[in-house]
**Student:** 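The structure that follows is given in the form of C-alpha cells.
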Amino acid sequence: MTGKIIQAIFDKRMLKDSITKLSPLYLAKKSPVMFTVEVGFFLVLAIGMLPNISSEFVNENRIFYMESAIILIVTVWFATFSESLSESQARAKVDSLKNLEKEVLAKKLVDGKEVLVKSTTLIVGDRVRVYAGEIIPRDGMVHEGKAFVDESMMTGESNPVFKEKDNPVLGGTKVANDSIIIEITSEAGKSFLDEMVGLIESAKRPKTKNEIALTILLAGLSIIFITVVGTMLFFGYYLGYHMDVSVLIALLVALMPTTIGGLLPAIGVAGINRLARDNIVVKSGKGIEAAGDCDVLILDKTGTITEGARRAIAFVPMEKFTEQDIAEAAYAASFSDHTHEGTSIIELANEKKIEPPFLMEIMTAKPIEFSSETRLSGIEFSPKKKLSTISDQIPKSSLPRTRVSAKIEEFDESNTPVKILKGSVEAILKTATNVNESELRWKSQEISKNGGTPLAVAVNDEIIGLISLKDTLKKDIRTKLEEVRVSGITTVMITGDNQLTAQVIAKEANIDQIMAEAKPTDKLNRVVEEQLKGHVVGMIGDGTNDAPALAKADVGLAMNRGTAAAREAANMVDLDSDPSKILKVVQLGKQLLMTRGAITTFSIANDVAKYFAILPAMFMKDNPRMEVLNVMHLHSPESAVLSTLIFNAIVIPMLIPLSLKGVKYKPELPEKTFLKNMLVYGLGGVVFPFVGIKAIDLLLSVFMR
C-alpha cells in the first residue's frame, strides 16, 4: 500500500487533480472543514508576506507565519490527494469494464459464405454465424438455428438459456452448443455492456451518516475556533492587552482539529492492510468505514450463495421401477456426458453404490450428443454379447436383477438396438410412448417445487423415472449467513433466476428477502431504494450484471471467481470467494468507527490543556493576575507557545500506532462502549497533554536560560 501511495504521488494526472481540488470554490462545496483550514492558510500567508502591518498586532518574526501557512496548506493538500486517489479507483473500474468488450473475429455471412471480419466493423443488419464455444460479437437477434447460450457472466442466470429464431442475444455471451445465425441489432458503443459502463459511471457512493456527522462536527469546531481567535484579537486590543498575532495563530493551529484530520487516512490504510491478511483486496478505505454501519446486505445467488452449477441430488423412479433402475439407466445415459451435470449423475450413482451390470455394452456404445433440437442425450448400442459374459466375471450376489437389467437382457436376446436417453421432460415425451404421463407430470412438478430441475430418463420407448438436478448451496453458507444476520444485518438475495427457484434457495440459505428475475437495473434500483430509506447497503456479487449495484453500494464486495467487471466495480474483492467474509468486513468497519471516534475524542479533549498553556502566555505580560491560569508553571510565554506547538505536532506520530492497530472491537451494548471510550480517551485526552506540554517545556527551559 505504501508503494501504491508513493507511485500515486508521481502520477501526474492524480497530482494535478489533487492540486486542482485546492480551489476554494471546490472545497467550500465539498469539504467545509478543509475550506476553513484553507481560509486560515490565506490569512496566515498574507500576514507573513505583507511588510507594513502594525506592530501592535504583529511581531517582526515572520518565519513563524510562513511555517504556520505551510502546515495548513499541506493539511488541505493531503485531504485533496486522498480524495483524488479514491476517485482514480473509480476511473480504473470504468476503464477496465470498457476493456471487456474486446474486439473479436466474427464470421459474417456474405452471399451465403462466411467471411472473417473484426467485430467493430459490424453494422446493424449484418448477419454472423456463431458456433459452439464462440463469443457473440454484438447484441442481436437469432435469425436462424437453435442453441443454448451461456449468459451467466452478463445476466446472472446460472443455466444456459435456450435461444431460437427472433430471440435476443447479448454481445459478449457464449454459444454453448450447435451454431446460430445472428442479425446484429446494436451499433458499436450502444450494447448491453456499454449500458453497464454508463450505470457504473453514474453511480456515486453517498457519504455515510458517520462521515456526515464527523464532517459537520469538525467544520463547526473549525469555524468556532477561527471566530473566537479572530474576535479575541480585537476585544483584547480594546481592553488594553497587547495581542501578538503570532500567539493567536499558534492558538488557532493548536486548537484546529488537524490531528484527527491527519490520522483519518492512516486509519483507513490500517483497515486495508488488516483485510489483506484475510485475503480481501480493498481498493478504498471508505468502503471499510461504511461497513461499520452496514444494516442491509444484498447478495447475488449464482456463484455467491450457490455453487453456480446444477448437480444431481436424487433419482425419482416411476411406479413400476425402483431407485436402482433409474440409477442404472441414468448412469448409462451419462457415461459419455462429460459436463458438470453428467459427471454429477455418475457420482450420485456411485455414492449409492449402484453400477449397471451391462457396463461392457455402455463402454462400447455410440454416444448420442446433446443438441438444441432434441434437448436430450444418451447412448445407443446393439447387443452382440449376452450379459452372462459380463456377469460371469462378477459374483451373482453383487448383481441384483432389476427391471432395467431384465429389459436389456430381453433386447440382448432379440438383438434389438437399445437407446438409453435423458433430457427434458417434454423432449423425452416426444420419443417415448410407454409412460404414465399424469404420474410423470406430478413427480416433475414436485421436483420443481423443491427448486430442482427434472430430467426424464427412458429406455427405448419407456420412461422409467426422473433425475432431480439442483444448483446446490455453498458449503456451510447457511451457518455463515446466520452469523451475518445475528450482527443485525438484513439479507436480501437478488437473482436472475425464476421466483420458485429463488424462494427455495432463500429458504434453504435462511435469507430474509428475495428479488427474483432481476435485471441489472433492478439490482441498482434496489440498492438506491435501500439507501433512500436511510440504510447503509453492502452488496456481494460476481457477475457483470452486478457491477452497477456494486459500484453504487456503500460496501461492494466482489467474489474473485466472478467476472472482471464485478471485481473492478466493487471496492473490495474476496480472493477466497467466500460471501461470509462480509462479516469480517463489518466487524472491522465497526472497529474503524470506534478508532476514529476514540481519536476524535482524544483530539478534542487535548484542547483543555492547550488553553491553559497559551491563554496565560497571551495575557500574563499585561495582566500578572493571569498567572493563576498557568497551572503547569511553564517557563515563559515563549516556551509555552513553543511547547504547545511541538506537542500538537508530535501527538500525530504518537497516535499512529493506535490508528494502525485500532481500538479493540468487542460485541457489546453501544452505551457500554461509549462510556468505556470516554473514560479512556476522553479523560486520557485531558490529562496526557498536561504531562506532555510540561515535559517539553522543561526540556526547552534548559536551552532558553
**Student:** For Lys419, does the NZ atom have more than 12 heavy-atom neighbours from other residues, nucleotides or ligands under 6.0 Å away?
**Tutor:** no

**Student:** When you measure from the side chain of Ser444 to the backbone of Pro454, do you find a donor-acceptor pair of N or O atoms at a distance under 3.5 Å?
**Tutor:** no

**Student:** Is there a side-chain contact between Val175 and Ile136 in this structure, where contact means two heavy atoms from C-beta onward sitting under 4.5 Å apart?
**Tutor:** yes

**Student:** So, does Asn571 use its side chain to make a donor-acceptor pair with the main chain of Gly556 at under 3.5 Å?
**Tutor:** yes

**Student:** Is there a side chain to side chain contact (heavy atoms under 4.5 Å, CB included) between Lys352 and Phe315 once you walk through the steps?
**Tutor:** CA-CA 10 Å; Lys352 296 179 177 294; Phe315 297 122; 4.0 Å; yes

**Student:** Could you walk me through whether Lys107 and Val128 pass the side chain to side chain contact (heavy atoms under 4.5 Å, CB included) test, one step at a time?
**Tutor:** CA-CA 5 Å; Lys107 298 178 177 66; Val128 297; 5.6 Å; no

**Student:** Is the backbone N or O of Asp512 less than 3.5 Å from a side-chain atom of Thr491, with the two atoms forming a donor-acceptor pair by type?
**Tutor:** yes

**Student:** Shortest non-hydrogen contact from Ser119 to Pro137?
**Tutor:** CB-CB, 3.8 Å

**Student:** Any chance you could lay out the side chain to side chain contact (heavy atoms under 4.5 Å, CB included) test for Ile467 and Val457, step after step, and finish with the verdict?
**Tutor:** CA-CA 7 Å; Ile467 306 169; Val457 179; 3.6 Å; yes

**Student:** First locate atom CD1 of Ile184, then atom CG of Asp139, and finally report the distance between them rounded to the nearest 0.5 Å.
**Tutor:** 8.0 Å

**Student:** For Glu347, check side-chain hydrogen bond (donor to acceptor under 3.5 Å, both in side chains) against everything at least two apart and list the hits.
**Tutor:** Arg311

**Student:** Within the 4.5 Å heavy-atom criterion, are Leu440 and Ile463 side-chain neighbours or not?
**Tutor:** yes

**Student:** Are Asn436 and Glu319 close enough that a side-chain donor and a side-chain acceptor fall under 3.5 Å?
**Tutor:** no

**Student:** To the nearest 0.5 Å, tell me how far Lys146 NZ sits from Asn177 CG.
**Tutor:** 12.0 Å

**Student:** Assess Arg375 against Phe162: is NZ or CZ under 6.0 Å from the centre of the six-membered ring, and within 45 degrees of the ring's axis?
**Tutor:** yes

**Student:** Is it the case that over 12 heavy atoms from other parts of the model lie below 6.0 angstrom from the NZ atom of Lys118?
**Tutor:** no

**Student:** Short question: side chain of Lys422, backbone of Ala456 - any donor-acceptor pair under 3.5 Å?
**Tutor:** no

**Student:** Looking at side-chain heavy atoms only, is the closest gap between Tyr131 and Glu114 below 4.5 Å?
**Tutor:** yes

**Student:** Side chain to side chain contact (heavy atoms under 4.5 Å, CB included) between Val142 and Val169: does it pass, once the steps are laid out?
**Tutor:** CA-CA 7 Å; Val142 177; Val169 291; 3.8 Å; yes

**Student:** For residues Ile494 and Asp522, determine if any side-chain heavy atom of one lies less than 4.5 Å from a side-chain heavy atom of the other.
**Tutor:** no

**Student:** Could you check whether any side-chain N or O of Glu530 sits under 3.5 Å from a backbone N or O of Ile298, counting only pairs where one atom can act as donor and the other as acceptor?
**Tutor:** no

**Student:** Restricting to non-hydrogen atoms, name the atom on Phe370 and the atom on Ser377 that form the minimum distance, rounded to 0.1 Å.
**Tutor:** N-CB, 3.8 Å

**Student:** Between atom CG of Leu550 and atom CE of Met539, what is the distance when rounded to the nearest 0.5 Å?
**Tutor:** 5.0 Å

**Student:** Could you check whether any side-chain N or O of Ser424 sits under 3.5 Å from a backbone N or O of Ala427, counting only pairs where one atom can act as donor and the other as acceptor?
**Tutor:** yes

**Student:** If you look at every heavy atom in Pro317 and Lys443, which pair is closest and at what distance?
**Tutor:** O-NZ, 2.7 Å

**Student:** Quick check for you: to the nearest 0.5 Å, what is the distance between Leu557 atom CG and Asp574 atom CG?
**Tutor:** 5.5 Å

**Student:** Specify the closest pair of heavy atoms between Met493 and Ile511, including all atoms of both residues, with the distance to one decimal.
**Tutor:** N-CG2, 3.6 Å

**Student:** What heavy-atom pair brings Ala458 and Ile428 nearest, and what distance separates the two atoms?
**Tutor:** CB-CG2, 3.8 Å

**Student:** Do Val528 and Lys552 make a side-chain contact, defined as non-hydrogen atoms from C-beta onward lying under 4.5 Å apart?
**Tutor:** yes

**Student:** Are a donor atom and an acceptor atom from the side chains of Ser186 and Arg138 found within less than 3.5 Å of each other?
**Tutor:** no

**Student:** Closer than 4.0 angstrom, basic N to acidic O: yes or no for Arg441 and Glu437?
**Tutor:** yes

**Student:** With a 4.5 Å limit on heavy-atom distance, are the side chains of Val537 and Val555 in contact?
**Tutor:** no

**Student:** Given the rule in the salt bridge (Lys or Arg N to Asp or Glu O under 4.0 Å) test, do Glu462 and Lys320 qualify, once you have shown the distances and angles that lead to the verdict?
**Tutor:** CA-CA 11 Å; Glu462 186 171 10; Lys320 296 187 297 182; 3.4 Å; yes

**Student:** Is the side chain of Asn350 donor-acceptor paired with the backbone N or O of Ile346 at a distance under 3.5 Å, no angle test?
**Tutor:** yes

**Student:** Can any side-chain N or O of Gln445 pair as donor or acceptor with the backbone N or O of Trp442 at less than 3.5 Å?
**Tutor:** no

**Student:** Mind checking the CD-NE2 spacing from Glu529 to His535? Nearest 0.5 Å is all I need.
**Tutor:** 9.0 Å

**Student:** Which pair of non-hydrogen atoms, one from Ala329 and one from Ile420, has the smallest distance, and what is that distance?
**Tutor:** O-CG2, 3.3 Å

**Student:** Quick one: CD1 on Ile305 to CG on Leu299, what's the gap to the nearest 0.5 Å?
**Tutor:** 4.5 Å

**Student:** Considering only heavy atoms from C-beta outward, does the side chain of Val130 approach that of Ser179 to under 4.5 Å?
**Tutor:** no

**Student:** For the backbone of Lys108 and the side chain of Arg129, can you confirm whether one donor and one acceptor N or O come within less than 3.5 Å of each other?
**Tutor:** no

**Student:** Is there a side-chain contact between Leu348 and Ile313 (heavy atoms, below 4.5 Å)?
**Tutor:** no

**Student:** Just by distance, with hydrogens left out, do Arg526 and Gln513 show a side-chain donor and acceptor under 3.5 Å apart?
**Tutor:** yes

